[in-house]
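Since the structure comes first, as C-alpha cells, the remarks are kept for the end.
Chain letters run A, B, ... following the sequence lines, proteins first and then strands; every chain starts at 1.
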2 protein chains.
Amino acid sequence: MALPKLSKLEFQIMDTLWNGSECSIREIQEAFPARKRPAYTTIQTTVYRMEAKGIVHRVRKVGNFHVFAPAISREAAQRRLIDDILAFFGGRGQPVMAHLIETGKLSLEDVKQAEQLLRSQTKERQS
Amino acid sequence: MALPKLSKLEFQIMDTLWNGSECSIREIQEAFPARKRPAYTTIQTTVYRMEAKGIVHRVRKVGNFHVFAPAISREAAQRRLIDDILAFFGGRGQPVMAHLIETGKLSLEDVKQAEQLLRSQTKERQS
DNA sequence: TATTTGTTACTACACCTGTAGGAGGAAGTA
DNA sequence: TACTTCCTCCTACAGGTGTAGTAACAAATA
C-alpha cells in the first residue's frame, strides 16, 4: 500500500516528527503531555511498527540511540485521512462541510478564503 | 460512552438501517454489492456486537428472524466521525476544507451554500 | 575500572474488528 | 409427518493496535 492508514497514536507520533523533522524515541515520548504519556517502550514498539510499514525511517545513530524521520508528508497523511472519512459520506464533501459549520468549526473567514481558493483553482484549470 | 466509534463495516450496516429503518440480518447482508458481500454470519456477528454496544436494537421478531433498527442517528454518527478526524487537524476545520477543495470534493456551489448557512447561523445567534 | 543510567531489541498480552464455521431450532413444504 | 431451508447462537481465529516488561548492551560517571 502506498499510503497506509495511520492510527491515532501513529498520527501523534508523526506530528512530533513533522514538527521536529528528526527525533529519537525519547524525544517523541517526551513530546506527549506528561499526564497522558505512554511508556517509552510503547512509543518504541509503535515507531518500530511504523518503520516496518515504511512511514518513518532511521536517519542515523547518535551515541547509543537512533534518530527517526518521517517518510511521508503531513499533507499526504491528512489527505488519506479525509479520503477515508469521505467514504462515510458517500464521497461528497458537502455534508462534511455542513457538519463543520454546524459544530462551529468553520468561520465565515474560513469559508471566504475557501471560496477564493476555489475560484483561483477554477481559473487555473481553464487557462 | 454515549456515542461509540463506528468501524467501516459497522457504518455500512448502519447505512442500510438508516435507509430502510428496520431490517433483518439477511436484508442487511443483501444490501452489500454482490461482489464484496460478507458472509451472513459475518454480518450477524457484527450486528450482535453493535447491539451489545447499543447502536442498534431488535424491534421485533417476524417468523423466525429478528428485525433490527438503528439506535443512533446518522447525523450523530457522522458528527462523531468528524470530531474524530478533527483531532488530527488540531481541532481546526479550515485545513479539512482546504483538503476537500484541493481534491475536488467541493464545488463553488457547495461553498456558497455553506456561506449562506453560516450567515443565517450568525444571525440567529445575534437575535 | 566498577557502577549507574539510558537504549535497543525482543517478547507478551489484551482488546477490537473482520471473518466465518457448526450445532441446533423454527418455519415452510412435499 | 418427514424433509429442506433458513435463522440463531456460540465458538474460533487472525491481524492490527495500545500497552508495557525484560534482558542485554552501550555510554557516561564515580
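- A donor-acceptor contact shorter than 3.5 Å is absent between the side chain of B:Glu30 and the backbone of B:Glu27.
- If you check every strand for non-hydrogen atoms under 4.0 Å, A:Thr42 touches a base.
- Between the side chain of B:Asp110 and the main chain of B:Ser107, a donor-acceptor pair closer than 3.5 Å is present.
- For the atom pair CD1 of A:Ile25 and OG1 of A:Thr42, the computed distance is 11.0 Å after rounding to the nearest 0.5 Å.
- DNA chain C lies under 4.0 Å from at least one heavy atom of each of the following residues of residues 54-78 of chain A: A:Arg58, A:Asn64, A:Phe65, A:His66.
- A salt bridge links B:Lys53 with B:Glu10: the distance from a Lys NZ or Arg NE/NH1/NH2 to an Asp or Glu carboxylate oxygen falls below 4.0 Å.
- Contact check on B:Asp84 versus B:Arg80 returns a salt bridge, with a Lys/Arg side-chain nitrogen under 4.0 Å from an Asp/Glu carboxylate oxygen.
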Using atom types as modelled, flag every donor-acceptor pair under 3.5 Å from a side chain in residues 58-71 of chain B to any protein atom, sequence neighbours excluded.
| from | atom 1 | to | atom 2 | distance (Å) |
| --- | --- | --- | --- | --- |
| B:Arg58 | NE | B:Glu51 | OE1 | 3.2 |
| B:Arg58 | NE | B:Glu51 | OE2 | 2.8 |
| B:Arg58 | NH1 | B:His66 | NE2 | 3.2 |
| B:Arg58 | NH2 | B:Glu51 | OE1 | 3.1 |
| B:Arg60 | NH1 | B:Glu22 | OE1 | 2.9 |
| B:Arg60 | NH2 | B:Glu22 | OE1 | 3.2 |

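- Scanning DNA chain D 5' to 3' for nucleotides with an atom closer than 4.0 angstrom to a non-hydrogen atom of chain B gives a first and last hit of D:dC6 to D:dA12.
- Remark: B:Arg79 does not engage B:Glu75 in a salt bridge, criterion side-chain N to carboxylate O under 4.0 Å.
- In this structure, A:Gln12 has no side chain to side chain donor-acceptor pair (under 3.5 Å) partners at least two apart in sequence or on a different chain.
- The outermost nucleotides of DNA chain C lying under 4.0 Å from heavy atoms of chain A, listed 5' to 3', are C:dG6 to C:dA12.
- Near DNA chain C, defined here as any heavy-atom distance below 4.0 Å, the residues from residues 21-41 of chain B are B:Pro38, B:Ala39, B:Thr41, listed numerically.
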